[in-house]
Undergrad: 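Would you mind keeping the following structure in view while I ask a few things?
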2 protein chains.
Amino acid sequence: MNVDTALDIQKTAHVLKLLGDKTRLTMMKLLQSHDCCVCEFTALFAMSQPAISQHLRKMKDAGIVQETRRGQWIFYSMNPDSEYAALIEDLLQHLPDQHERFVELEAQGLRISCE
Amino acid sequence: MNVDTALDIQKTAHVLKLLGDKTRLTMMKLLQSHDCCVCEFTALFAMSQPAISQHLRKMKDAGIVQETRRGQWIFYSMNPDSEYAALIEDLLQHLPDQHERFVELEAQGLRISCE
DNA sequence: TTTTTATATAAGCATATAGTTATATAATGA
DNA sequence: TCATTATATAACTATATGCTTATATAAAAA
């Protein structure tokens with residue numbers, strides 16, 4: 001790896017620690033296919049809404065996700081401008097597609113609640 | 001990613017959590033270039049020998065490193081047979097080369113102590 | 001304006017983590 | 001055999017983490 005583009009080890013360790021959580025790693029994999037609002041995540045994980053918000057907050061603080069308000073909802077997406085974007089894409093490629101989970105969500109009518 | 005080769009998210013999160021520590025991540029980057037014994041790591045990090053052993057133990061338990069005894073010393077290396085080997089190689093490529101640290105070690109005469 | 005819905009923050013708690021020091025084990029060499 | 005060197009394990013401690021419930025904020029709808 002070129003020195004110019006190499007990442008700082010300490011900061012990278014911090015990002016990997018964030019991704020080293022089942023919930024956050026799954027969130028990132030979901031975000032790889034499309035943006036998601038908090039209520040969708042809350043429906044996808046057996047976990048309280050504050051827990052979801054706190055996970056998103058940590059990833060936002062690290063600059064790896066970004067938020068966009070759309071009316072009542074706040075949508076999260078991967079931040080393509082993060083210096084970790086390439087690394088994250090590389091590692092997410094090793095993980096199974098999570099599209100099925102959205103299908104289930106839609107079947108439950110929970111997907112639409114945020115559109 | 002092909003379903004056949006995709007990794008389990010939960011287990012991957014565990015591996016990423018292990019790499020989400022500055023010391024362990026640096027260790028893996030060092031191991032990417034060559035094997036290392038405990039005493040070399042101990043010289044490289046401002047940290048006690050038990051701390052080093054405990055970090056290595058965790059990575060060995062996860063199957064991402066392996067140990068080989070060579071007489072008095074135990075050398076650690078990346079485990080190429082781990083199902084996470086490819087993922088780990090991918091992410092280590094984003095990190096700066098650590099060769100310089102071995103040069104310093106050698107200059108201090110600490111490198112030879114394990115050969 | 002009041003109520004509802006979506007999200008964030010605060011406070012608290014149980015568990016996990018990363019280090020320490022002390023000690024055990026195992027191989028080497030005198 | 002005994003001392004030395006390399007490594008591992010045990011016990012402990014301080015801090016970090018991930019959740020919970022309660023509450024605050026902000027936009028939309030009535």
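To find a chain, count down the sequence lines: A is the first, B the second, and so on, and within it residues start at 1. All values derive from a computational prediction rather than experimental measurement.
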Undergrad: If the cut-off is 4.0 Å, is B/Ser48 near the phosphate of C/dT20, judged by side-chain N/O to OP1 or OP2?
TA: yes
Undergrad: For a quick check of understanding: with a heavy-atom distance under 4.0 Å over all strands, which category does A/Lys17 fall into, base, sugar-phosphate or nothing?
TA: sugar-phosphate
Undergrad: Any donor-acceptor pair under 3.5 Å linking the side chain of A/Gln66 with the backbone of A/Ile64?
TA: no
Undergrad: Compute whether any side-chain donor of one residue and acceptor of the other, for B/Gln98 and B/Gln32, lie under 3.5 angstrom apart.
TA: no
Undergrad: Could you state the atom-to-atom distance from CZ of B/Phe45 to P of C/dA18 in whole Å?
TA: 14 Å
Undergrad: Hey, would you say the B/Phe102 and B/His34 ring centroids sit under 6.0 Å apart?
TA: yes
Undergrad: What is the distance, to the nearest angstrom, from the CD1 atom on B/Ile52 to the C1' atom on C/dA18?
TA: 12 Å
Undergrad: Can a side chain N or O of A/Tyr76 be found less than 4.0 Å away from OP1 or OP2 on C/dA8?
TA: yes
Undergrad: How about A/Phe41 and A/His55: are their ring centres within less than 6.0 Å of each other?
TA: no
Undergrad: CG of A/Leu25 versus C1' of D/dT17: gap in Å, rounded?
TA: 17 Å
Undergrad: What's the CG-C1' distance between B/Asp21 and D/dA16, to the nearest Å?
TA: 12 Å
Undergrad: Classify the side chain of B/Gln49 and the base of D/dA8 as holding, or not holding, a donor-acceptor pair under 3.5 Å.
TA: yes
Undergrad: Quick one: label B/Arg24 by what it contacts on the DNA or RNA (base, sugar-phosphate, nothing), any heavy atom closer than 4.0 Å.
TA: sugar-phosphate
Undergrad: For DNA chain C, which residues of residues 53-67 of chain B approach it to below 4.0 angstrom with any heavy atom?
TA: B/Gln54, B/His55, B/Lys58
Undergrad: Rounded to whole Å, please give me the gap between CH2 in A/Trp73 and P in D/dA28.
TA: 9 Å
